[in-house]
Amino acid sequence: MTEFQNKVVFVTGAASGIGYAQANAFLKAGSLVFGVDIQHDFGNLSDHSHFKSFSGDVSQAKICQEAVFACRNCFGDVDILLNTAGILDGYQTIEETDLDLWQKVLATNLTSMFVITKEVLPQMLKKASGTIINMASVASFVGGGGGIAYTSAKHAVAGFTKQLALDYAGKGIHVNGLAPGAIQTPMNAADFAGDGAMAKWVAEETPMKRWAQPEEVATVTLFLASEQARYMQGTILPIDGGWLLK
């Protein structure tokens with residue numbers, strides 16, 4: 001038995017990358033995991049009896065609401081919310097970014113968190129218990145982790161997380177964020193394309209001289225969701241191989 005046994009964990013972006021690793025880690029810890037993704041293939045997660053999925057685009061508010069409703073029908077109220085889904089913007093400057101891309105990046109990376117959290121929070125408050133972990137980024141602290149849309153969205157995620165923690169820490173809600181650096185996921189596949197020059201540059205610029213794997217982020221997620229980390233509130237925890245030390 002672990003403290004996560006039979007806890008209901010809601011994960012966005014669960015079909016690949018960090019979200020997949022998080023879902024898998026909580027399944028191994030005995031949780032009931034509900035995964036949401038725009039993709040339909042959740043891989044080996046679908047073989048697990050404690051995993052249920054919902055396919056839809058979280059940039060659409062209605063999809064977010066429907067996913068939470070579906071989770072309640074499957075498992076009941078959410079105990080741990082992992083707002084992980086996100087998209088990149090191709091490192092585009094404001095001159096290169098049109099309004100459609102700007103709105104899509106903010107809707108996926110930020111507004112989805114607002115909508116899903118707003119749906120989940122009332123039942124957490126009713127129980128005076130619940131954990132919310134938002135996916136920030138090194139781009140929540142500095143420029144260069146993305147383009148204008150991604151960096152703006154991730155800075156906003158940090159603010160959203162801090163304000164949420166400030167408002168509800170005294171009501172039993174445990175809120176923090178994770179700020180990954182160079183994590184090797186399908187979302188970053190373009191960096192490894194061709195001769196992988198971009199991936200090599202990123203590794204060289206990272207003090208640890210390597211990319212991390214999604215499982216490393218999932219392990220930290222388990223700690224941040226645990227009772228051992230309960231006194232941490234509104235923290236945006238870097239997992240960046242030392243990137244922000246520069």
Side-chain angles (χ1 to χ4, degrees), residues 1-58 63-86 108 112-113 115-135 172-178 180 183-187 212-230 237 239:
M1 293 283 288
T2 74
E3 66 176 289
F4 301 118
Q5 191 80 25
N6 295 322
K7 294 290 187 181
V8 178
V9 181
F10 187 102
V11 190
T12 64
S16 65
I18 294 173
Y20 181 95
Q22 289 174 322
N24 193 45
F26 277 94
L27 285 171
K28 289 180 178 178
S31 301
L32 306 172
V33 178
F34 191 88
V36 180
D37 204 289
I38 195 170
Q39 300 180 58
H40 295 272
D41 184 1
F42 288 81
N44 293 334
L45 296 177
S46 299
D47 297 332
H48 203 293
S49 61
H50 286 179
F51 180 81
K52 300 296 181 183
S53 64
F54 183 96
S55 295
D57 185 352
V58 296
I63 294 296
C64 295
Q65 293 163 342
E66 289 175 352
V68 174
F69 181 78
C71 178
R72 289 197 182 111
N73 282 342
C74 286
F75 294 136
D77 291 336
V78 175
D79 297 302
I80 299 170
L81 170 58
L82 306 180
N83 283 314
T84 301
T108 303
S112 65
M113 293 187 183
V115 176
I116 294 171
T117 302
K118 195 170 178 66
E119 288 291 317
V120 167
L121 187 61
Q123 52 84 18
M124 288 185 172
L125 290 171
K126 188 175 181 179
K127 297 178 181 178
S129 176
T131 293
I132 300 169
I133 299 177
N134 297 323
M135 192 55 63
I173 311 302
H174 184 206
V175 184
N176 288 291
L178 293 169
I183 315 297
Q184 190 173 354
T185 70
M187 191 169 78
Q213 296 303 308
E215 291 74 19
E216 295 177 79
V217 182
T219 298
V220 178
T221 307
L222 286 172
F223 166 72
L224 203 56
S226 72
E227 287 299 317
Q228 293 173 303
R230 200 75 188 178
L237 187 62
I239 311 170

[X] side chain vs [Y] backbone, donor-acceptor pair below 3.5 Å:
X	Y	value
N134	G177	no
S31	F26	yes
H48	N24	no
T84	G13	no
E3	E227	yes
Q123	V78	yes
N176	I133	no

Grab the two heavy atoms, one from [X] and one from [Y], that are nearest each other, plus how far apart they are.
X	Y	answer
V11	Q22	CG1-OE1, 4.0 Å
H174	L224	CE1-O, 3.0 Å
I18	P180	CD1-CG, 4.0 Å
T185	P214	CG2-CG, 3.9 Å
V120	R72	CA-NH2, 4.1 Å
D57	I63	O-CB, 3.4 Å

State, yes or no, whether a side-chain contact exists between [X] and [Y] at a heavy-atom distance under 4.5 Å.
X	Y	value
K52	C71	no
L237	V220	yes
T131	R230	yes
I116	V68	yes

Handout entry: Contacts of T219 that satisfy side-chain hydrogen bond (donor to acceptor under 3.5 Å, both in side chains) - sequence neighbours left out
Key =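 T219 satisfies side-chain hydrogen bond (donor to acceptor under 3.5 Å, both in side chains) with no residue once adjacent residues are dropped.
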Problem - E66: partners by side-chain hydrogen bond (donor to acceptor under 3.5 Å, both in side chains), with sequence neighbours left out - result: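 E66: no side-chain hydrogen bond (donor to acceptor under 3.5 Å, both in side chains) contacts found.
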How many angstroms lie between atom [atom1] of [X] and atom [atom2] of [Y], to the nearest 0.5 angstrom?
X	Y	atom1	atom2	value
Q39	Y20	CD	OH	11.5 Å
L45	H50	CG	NE2	14.0 Å
T117	I132	OG1	CD1	5.0 Å
M135	T12	CE	OG1	8.5 Å
L82	F10	CG	CZ	10.0 Å
Q184	E215	CD	CD	10.5 Å

Problem - ring-ring contact (aromatic ring centres under 6.0 Å, His included) partner of F51, chosen from F42, F34, F75 - result: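 Considering F42, F34, F75, a ring-ring contact (aromatic ring centres under 6.0 Å, His included) with F51 is found only for F42.
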Considering residues, nucleotides and ligands other than [X], do more than 12 of their heavy atoms fall under 6.0 Å from its [atom1]?
X	atom1	result
Q65	CD	yes
K127	NZ	yes
F69	CZ	no
D47	CG	yes

